[in-house]
Amino acid sequence: MKRFYLTFITMLALAVIAPLQGAAATRVLILPLEDEIDARTWQHTRRACDKAVAENTDLFVVRMNTYGGALDSADSIRTALLRLPMPTVAYIDHNAASAGALIALACDSVFMTPGSSIGAATVVDGQGQPMPDKYQAYMSSIMRSTAEHHGKHILPGDSVPTWRRDPSIAEAMVNPEKVTAFSSSEALKAGFSDGTVTSLDEMLKRLDISDAERVTFEPSLTDDIIGFLSNAGVRAMLVMLIIGGIYMEMHTPGLGVAAAVALIAACLYFLPMLVSGTLPAWIVITLIIGIVLIAFEFFVIPGFGICGIAGITAIVVALCAAIMPTGSEESGSDAILLLARPLVIVGAGIVAAIALIGWLTSRHGPKFFRRHSELMLTQDVKDGYIGVDMGPARLVGHKARAMTDMRPAGKILLDGEVYDAVSTGAFVEAGSSIRITRYENAQLYVEPTQLTPEEQS
């Protein structure tokens with residue numbers, strides 16, 4: 001009987017606990033992307049993806065309203081979304097243009113609000129003008145491969161599989177001659193949207209998770225700082241300070257401000273890669289080797305040769321490799337295009353460093369800086385600076401007698417004092433009369449002369 005009651009109680013407990021376990025709330029992480037796509041946005045997205053994986057989030061929602069931004073940051077976000085283990089949904093609330101279209105296309109599902117649009121993924125420069133064809137071709141390959149990632153499906157009433165996201169349409173969004181963009185209704189018809197909703201609540205309701213636990217991922221101060229340091233202009237300035245600091249430190253005595261500036265700039269330059277864990281050890285080693293080779297060239301080997309060239313090359317390689325975008329899956333990335341941006345950033349920094357060094361060391365530069373890098377003071381005699389004993393200079397014009405033969409150097413006697421002197425004319429025999437003509441470089445110069453009767457007496 002006791003065993004019966006124990007079994008009954010155990011089964012009753014399991015019957016009560018099982019529904020509670022099955023009723024665990026669905027977790028939804030919402031990532032707002034409502035500004036320009038840049039390095040800060042990428043850092044924010046990366047942290048959100050890490051959080052979603054760590055907390056076993058059931059659905060990752062990207063709430064979008066952006067006109068686009070930097071291609072490298074958008075490609076990194078695209079890759080991160082494609083690699084997430086949970087379903088991803090793009091909720092387009094107004095705009096998903098250019099780089100935003102690429103990010104939306106990477107999501108498993110896309111929902112748009114009425115009046116919103118997606119597309120217009122042409123690569124443009126800072127003035128809004130289309131970039132050369134090679135950039136458009138690169139963007140087209142990324143858009144196409146992203147669409148192909150979603151594969152094919154068979155529509156109801158049809159037996160032929162079709163692309164879930166048509167790669168040719170995705171590629172056409174990049175065409176600079178005829179820009180392709182869709183409204184919410186057009187995107188739904190073309191298969192680039194899974195539905196039109198008026199709100200995020202309606203979207204979750206259509207996904208049958210209206211009661212899901214929602215967490216909105218907000219950017220942190222760290223994201224802002226790392227994003228700022230990852231900006232192309234800031235990176236170029238840091239390269240300028242690194243190169244300029246190394247050069248100026250090697251041209252000034254001691255270890256001073258220039259070395260500190262170069263060290264701080266290097267730390268800030270590599271900080272985003274260190275935080276994201278994308279900085280290989282070989283890059284740091286290459287940078288150190290480059291600095292050592294340049295120092296060896298300056299302080300050990302005369303002139304400028306193999307060590308100096310190798311050191312400069314090693315530093316440039318390390319700086320470029322540190323900011324190279326990571327390889328994107330199925331992107332068909334062109335290695336030359338991937339290298340172009342780091343080369344432009346580092347090259348701009350080197351040019352700026354040369355200009356800065358030229359200005360600081362010129363006569364137009366600040367005196368407080370040149371005072372530590374070159375001799376700025378004139379050591380005048382009137383200020384008490386004496387390089388040699390100028391006492392004998394008072395003897396110029398006096399007559400004296402040669403104590404020894406002067407051929408041409410010898411000794412002279414004047415007022416009972418013996419001095420070393422050099423004859424500027426013919427050789428002088430001992431006992432001859434001479435006149436002191438000048439005093440230069442701590443040396444008296446004399447020439448033969450005749451004594452007056454009074455001097456002879």
Side-chain angles (χ1 to χ4, degrees), residues 37-47 49-50 69-80 83 138 222-250 258-295 308-329 331 333-354 356:
I37 306 299
D38 53 16
R40 171 184 174 275
T41 311
W42 158 231
Q43 293 297 328
H44 181 44
T45 303
R46 182 183 62 81
R47 290 183 57 249
C49 291
D50 292 343
L71 175 57
D72 58 340
S73 298
D75 190 25
S76 298
I77 294 173
R78 174 199 83 108
T79 304
R83 292 175 177 173
Y138 177 58
T222 301
D223 294 328
D224 294 336
I225 294 175
I226 298 302
F228 174 77
L229 294 176
S230 300
N231 180 271
V234 175
R235 281 174 168 168
M237 291 183 62
L238 292 175
V239 171
M240 175 190 71
L241 294 176
I242 294 171
I243 301 297
I246 293 174
Y247 177 87
M248 295 309 303
E249 183 60 30
M250 291 182 176
V261 169
L263 179 61
I264 294 173
C267 292
L268 294 177
Y269 183 86
F270 291 104
L271 183 61
M273 287 68 75
L274 287 171
V275 171
S276 61
T278 59
L279 182 65
W282 72 265
I283 293 179
V284 179
I285 295 173
T286 302
L287 178 67
I288 295 174
I289 290 175
I291 296 174
V292 171
L293 286 174
I294 292 179
I309 296 174
I312 292 175
T313 303
I315 292 177
V316 172
V317 168
L319 294 175
C320 289
I323 57 176
M324 277 280 292
T326 56
S328 301
E329 63 176 20
S331 65
S333 301
D334 188 335
I336 297 178
L337 289 176
L338 288 176
L339 187 59
R341 181 179 173 85
L343 282 177
V344 169
I345 293 174
V346 175
I350 293 175
V351 171
I354 294 173
L356 179 64

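For the atom pair Ile243 CD1 and Ile354 CD1, the distance stands at 9.0 Å (nearest 0.5 Å). The CD1 atom of Ile312 lies 5.0 Å from the CD1 atom of Ile294; values are rounded to the nearest 0.5 Å.
Val346 approaches Val239 most closely through the heavy-atom pair O-CG1, 3.8 Å. Closest non-hydrogen pair, Ala314 versus Gly290, comes out as CB-CA, 3.7 Å. Of all the heavy atoms in Ser76 and Trp42, the pair that sits closest is O-CZ3, 3.5 Å. The two atoms that bring Leu319 and Ile323 nearest to each other are O-CG1, 3.6 Å, heavy atoms only.
In this structure Ile225 satisfies the side-chain contact (heavy atoms from CB on, under 4.5 Å) test together with Leu221, Leu229, sequence neighbours excluded. When the side-chain contact (heavy atoms from CB on, under 4.5 Å) test is applied to Ile291, the partners found at least two apart in sequence or on another chain are Ile246, Leu287, Ile315. Arg47 is linked by a side-chain hydrogen bond (donor to acceptor under 3.5 Å, both in side chains) to Ser220, Asp223, counting only residues two or more places apart in sequence or in another chain. Every residue two or more places apart in sequence or in another chain that forms a side-chain contact (heavy atoms from CB on, under 4.5 Å) with Leu343 is listed here: Cys320, Leu339. Every residue two or more places apart in sequence or in another chain was checked for a side-chain contact (heavy atoms from CB on, under 4.5 Å) with Met237, and none qualifies. Applying the side-chain hydrogen bond (donor to acceptor under 3.5 Å, both in side chains) test to Thr41 and every residue at least two apart in sequence or in another chain returns Asp38.
No side-chain N or O of Arg40 forms a donor-acceptor pair with one of Gln43 less than 3.5 Å apart.
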